[in-house]
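What follows is a set of notes on a single structure, which appears directly below.
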Amino acid sequence: LSYAIPYRLFTPGFLQASARYPLVVYLHGAAGRGDDNLRHLGQDIQRMLLPEVQALSPFFLLAPQCPEGDEWINRHQTPPFSTYDQARFRESDAAKATFEILRSLVDSQLVDPNRIYVTGPSMGGSGTWDFITRHPGIFAAAIPVTGVGDPSRAEVIVDLPIWAFHGTLDTVSPIANIRAMKRALAAAGSTRARFSELQGVGHDSWNHAYSQIETYRWLFEQRRPQDVSINGPVLKIVEGRAAARSEE
């Protein structure tokens with residue numbers, strides 16, 4: 001099976017051949033789905049590319065676009081969303097294709113495999129939880145924003161630095177979701193997860209998470225202690241489709 005998804009890769013303005021740079025994987029929310037390689041490029045991306053963020057550390061930013069009818073985690077449910085049993089849902093095609101892109105970038109670009117991060121809001125927040133629990137050991141840190149995950153999988157990410165954001169008035173993804181993950185991680189013995197409950201904030205907690213410089217300062221401080229392998233069976237990207245290899 002071949003499955004193509006569009007993506008944008010933003011690269012640092014100046015690269016040294018002898019250096020390796022962080023890679024941030026950004027998973028957009030449901031409204032960004034499509035195949036135009038544009039709808040998923042919103043204010044979050046603009047905030048990540050601000051000069052003050054770039055000044056913290058040069059980094060690659062990968063922004064894949066999930067097609068209509070698919071999700072980062074293949075649940076096909078309607079709000080309000082709640083925690084789920086990961087074992088009941090197969091990995092989505094969009095997620096598999098994203099990991100193929102990720103592997104190709106590690107092979108072809110000056111990416112530091114010990115500093116690969118994942119973040120996203122709403123559907124992307126749920127995707128962030130799913131990516132790190134379905135593929136433990138790949139990411140150096142994660143920032144899930146107003147997402148839902150599987151608390152029973154907390155043990156596999158007990159040592160992963162996580163900073164989760166959630167609004168207390170969120171009716172799309174209720175605050176109970178982040179509290180369930182917090183309890184599960186605490187019970188598993190995690191000391192590297194932090195949780196920001198945004199008082200009086202609804203579903204738009206991404207406006208807070210991605211607008212403060214401290215988010216990025218914390219992110220770029222995280223590093224895996226050793227090299228990791230991200231090889232394995234994947235879905236191939238269809239060659240010759242321009243949108244699947246678009247860079248900016």
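- In this structure, the side chains of Ile45 and Leu61 come closer than 4.5 Å at one or more pairs of heavy atoms.
- In this structure, the side chain of Arg8 does not engage the main chain of Ala63 through any donor-acceptor pair within 3.5 Å.
- The closest donor-acceptor contact from the side chain of Gln65 to the backbone of Tyr7 lies at 3.5 Å or more, if one exists at all.
- The heavy-atom pair separating Ile73 from Gly127 by the smallest distance is CG2-N, 4.3 Å.
- Between the side chains of Trp163 and Thr215, no donor-acceptor pair is found at a separation under 3.5 Å.
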Would you sort out whether Leu62 and Leu105 count as a side-chain contact (heavy atoms from CB on, under 4.5 Å), showing the intermediate values?
CA-CA 9 Å; Leu62 170 63; Leu105 294 180; 4.0 Å; yes
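- Side-chain atoms of Ser92 come within 3.5 Å of backbone N or O of Glu71 as a donor-acceptor pair.
- Looking at Met123 and Cys66, their side chains come closer than 4.5 Å, going by heavy atoms from C-beta outward.
- Heavy atoms only, all atoms of each residue included: Leu110 and Phe60 are closest at O-CE1, 3.4 Å.
- Scanning both residues, Val148 and Ser82, for their nearest heavy atoms gives CG2-O, 3.7 Å.
- Side-chain contact between Val201 and Leu169 is absent, with no heavy atoms from C-beta onward closer than 4.5 Å.
- Remark: side-chain polar atoms of Gln222 are paired, donor with acceptor, to backbone N or O of Trp218 under 3.5 angstrom.
- Between Ala188 and Val158 the shortest heavy-atom distance is O-CG2, 3.4 Å.
- A heavy-atom distance below 4.5 Å is found between the side chains of Phe131 and Phe99.
- In summary, the side chains of Asp44 and Tyr26 do present a donor paired with an acceptor at a separation below 3.5 Å, with no hydrogens or angles considered.
- Between Ser196 and His166, the side chains place no donor N or O within less than 3.5 Å of an acceptor N or O (distance only, hydrogens not considered).
- Pro151 has its side chain out of reach of Arg183: every pair of non-hydrogen atoms, C-beta onward, lies at least 4.5 Å apart.
- Using modelled atom types, no side-chain atom of Asp204 and backbone atom of Asn207 make a donor-acceptor pair closer than 3.5 Å.
- A donor-acceptor pair under 3.5 Å is absent between the side-chain atoms of Asp35 and the main chain of Pro67, judged by distance alone.
- Looking at Asn177 and Thr83, their side chains never bring a donor and an acceptor atom within 3.5 Å of each other.
- Screening Gln86, Arg134, His135 for a side-chain hydrogen bond (donor to acceptor under 3.5 Å, both in side chains) involving Glu91 leaves a single residue, His135.
- For the residue pair Thr128 and Gly120, the shortest heavy atom distance occurs at OG1-N, 3.3 Å.
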Stepwise, does the salt bridge (charged side-chain N to carboxylate O under 4.0 Å, His left out) test hold for Arg39 with Glu68?
CA-CA 11 Å; Arg39 290 183 64 189; Glu68 293 284 358; 3.3 Å; yes
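- Contact between Ala141 and Leu219 at its shortest, heavy atoms only, is CB-CD1, 4.0 Å.
- Between the side chains of Tyr21 and Thr11, not a single donor N or O lies within less than 3.5 Å of an accepting N or O.
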Go through the steps for Tyr117 and Ile143 under the test side-chain contact (heavy atoms from CB on, under 4.5 Å), then give the verdict.
CA-CA 8 Å; Tyr117 313 117; Ile143 301 178; over 6 Å; no
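- No side-chain heavy atom of Arg224 sits less than 4.5 Å from a side-chain heavy atom of Phe139.
- Ring planes of His28 and His40: perpendicular class, angle over 60° (limits at 30 and 60°).
- Using modelled atom types, one side-chain atom of Arg115 and one backbone atom of Phe220 make a donor-acceptor pair closer than 3.5 Å.
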